[in-house]
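Below is one structure, written out as structure tokens, with a few remarks after it.
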Number of protein chains: 2
Amino acid sequence: MSTPAPYLSIGAVERETGLSKDVLRKWEGRYGFPRPLRDEFGERIYPPDQVNRLRLIKRLMDTGMRPSSIVAREEADLLALAGNRHVSTPAAQDGSIETTALDLLRRHDPEGLRQALHRLLLRQGLAAFVQDSLTPLNHAVGEAWSRGEIEIYEEHLYTEAVQGVLRNALAGLNDRHGRPRVLLTTLPEEPHGLGILMVAALLALEGAYCLSLGPQTPLEEVANAARAQAVDVVVLSFSIIYPPRRIPPALAELRQRLEAGVEIWAGGAATARLSRAPAGTRLLPTMEDALAALAEWRRSHDART
Amino acid sequence: MSTPAPYLSIGAVERETGLSKDVLRKWEGRYGFPRPLRDEFGERIYPPDQVNRLRLIKRLMDTGMRPSSIVAREEADLLALAGNRHVSTPAAQDGSIETTALDLLRRHDPEGLRQALHRLLLRQGLAAFVQDSLTPLNHAVGEAWSRGEIEIYEEHLYTEAVQGVLRNALAGLNDRHGRPRVLLTTLPEEPHGLGILMVAALLALEGAYCLSLGPQTPLEEVANAARAQAVDVVVLSFSIIYPPRRIPPALAELRQRLEAGVEIWAGGAATARLSRAPAGTRLLPTMEDALAALAEWRRSHDART
DNA sequence: GGGTTGTATTGTCTAGGACAAATAGGTTGA
DNA sequence: TCAACCTATTTGTCCTAGACAATACAACCC
């Protein structure tokens, strides 16, 4: 009956935060944080507040900060940093979808959120909904989280609501004989599948045939699928949590495994931090870029001019 | 232009197979496999065939085999083992949904698969569809994979198709004022969300209000969500890939974080390998158990008898 | 059968060190 | 002014080898 101390082992912290055991041990020596206690066997055990701080640090690192400048900082400092980095986003005016949606989330009304999104979709049309509402909304939710204004589970509820609405819209939209044939997925380290759904919606709306593999497909399997399904384009999505340095080699390897005629497009927040695309691939940091890429594909593949 | 050798580093193998670096190094010493080459810096590099064999081994371990009995075995042996373990499944007769669906997958017709599933849903009704078609179909797909008859990406296509059909059916079904209020999700190590969708469909059909958080919610957040949404039941799903030994402690901790009135149900293939449920929780190895649990909850919560 | 004990197996953790790869900052040249 | 190069520092990943708790299995007794 005694409460099992909520201290976590190093392995559990790795799972919770996404920081590898090696990194956790190194930081301890280099920056003096985390500073886990030891159990009776001399093994590290991390108190919950340190785990939370680690989560916050991870989040800040995902936005481009470096360990040396944040790992040793106090929690209050970190929260201030998190709050200061939304300056670039245009401030959301009252009554906008951002504030409405965040409100519904905080008032614990997922069903209401779903309805609000659906109404908005019908009012704006799918393309505008994805580009003008969902994109800023995603940012707003992410930032609200990093400022501690909403909980992780509320982010999950949001994702589910959006996914439900989008899948519904997409259901009747996909034309099996549409062109180009587009394969969409993410690589194994990227669990976030909202991006490919949004792109799929935009492209299908323009008459492309979108084949989604869902998230987390091994690179080799992406190539197999592309071959078997004879697709014209492969779209990969990399969210902000994906380590940017792993993107170019991954794209290069995929490029090598695919025939030259098959295009490779990489989208998502992490691609915005890349200076340039690896040879034979194309970056789509924003949704507009996806439509531009589609238009360009059409121009160069139209037999008649 | 030189082809970057497709050898993988130990970290890459960890990501691809789900076997930790520690385990990979230990197996090397204990069982003589894997036997990676070394690059110019003395670091392990794994050839693709060894990675494939590791994937196969992982799959067999997920079904209950132990390392000492399989890690050192030849690939042919392993494939034979994989092929022999579907004896318990009643053989699928020709023309059944199993053979039809697998056929469509192998013929690379995801759109056809989706239609077939949708037709089946309409013909059988949602409950029978989930219990009598989807459940055996999931098994069949999993086993076909482990026998090497279908590729991973085909499994992904299957999952997407099922998810599309189920979400569609679920869209209009959920009654915000239904009872009990049920929260569904998986823990962070469990990416497989099909199970919660299937359960949600069954329960919503019976008039429950199903709140899905999607997959991979941290335990603490599950508790937060349950409190904020005032749910009556929390359902967690553990697929075959989830290490069974981690289930009881996780359930126990959740039990501790939730009020006594909130029930905890654990479903999925991994729960079938548990001898008994931790105190204050309930195991649902099959879909029927979910319905039984719902009926029981209703019986004990009905004011009048 | 059902529970208890002992034994073997297996995964996780420890330590400190080496070093490649990524990044920042300064310098040079167009 | 901007781009391209260089160098120094930072940072993550990998190495070895061993200790040991937790788990699973087998044998035993009731």
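Residue numbering restarts at 1 for every chain, and letters A, B, ... go by the order of the sequence lines. Any value given below was found using the heavy atoms of this structure, including those in side chains, with hydrogens, waters and symmetry copies removed. No experiment lies behind these values; they were computed from the predicted model shown.
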Closest contact, heavy atoms only, B/Glu28 versus B/Arg44: OE1-NE, 2.7 Å
Between B/Glu190 and B/Ser239, a side-chain donor and acceptor under 3.5 Å: yes
B/Leu24 CG to D/dT16 P, straight-line distance once rounded to whole Å: 13 Å
Side-chain N,O (A/Trp27) to OP1/OP2 (D/dT11) below 4.0 Å: no
Sequence-aligned protein contact record of nucleotides 12-19 of chain C, with B where the base is within under 4.0 Å of a protein heavy atom and S where only the sugar-phosphate is: BBBS-BB-
Integer-rounded Å distance: C/dT9 P and B/Met61 CE: 15 Å
Pair B/Thr286-B/Asp289, side-chain donor/acceptor within less than 3.5 Å: yes
Integer-rounded Å distance: C/dG11 P and B/Glu28 CD: 15 Å
Terminal axis angle for the helix from C/dT9-D/dA22 to C/dA30-D/dT1, five pairs an end, nearest 10 degrees: 40°
Lys/Arg N to Asp/Glu carboxylate O, A/Arg55 vs B/Glu220, below 4.0 Å: yes
N/O (side chain, A/Ser68) to phosphate O (OP1/OP2, D/dT11) under 4.0 Å: yes
side-chain contact (heavy atoms from CB on, under 4.5 Å) between A/Val233 and A/Trp265, worked out: CA-CA 7 Å; A/Val233 179; A/Trp265 302 349; 3.5 Å; yes
From CA spacing to verdict: side chain to side chain donor-acceptor pair (under 3.5 Å), A/Gln216, A/Thr186: CA-CA 5 Å; A/Gln216 305 188 298; A/Thr186 75; over 6 Å; no
Distance in angstrom units between B/Lys58 NZ and C/dT10 P, rounded: 16 Å
A/Tyr153: ring-ring contact (aromatic ring centres under 6.0 Å, His included) partners, not counting sequence neighbours: none
Side-chain heavy-atom pair A/Pro48, A/Tyr7 within 4.5 angstrom cut-off: yes
Phosphate OP1/OP2 of C/dT10: any B/Tyr31 side-chain N/O under 4.0 Å: yes
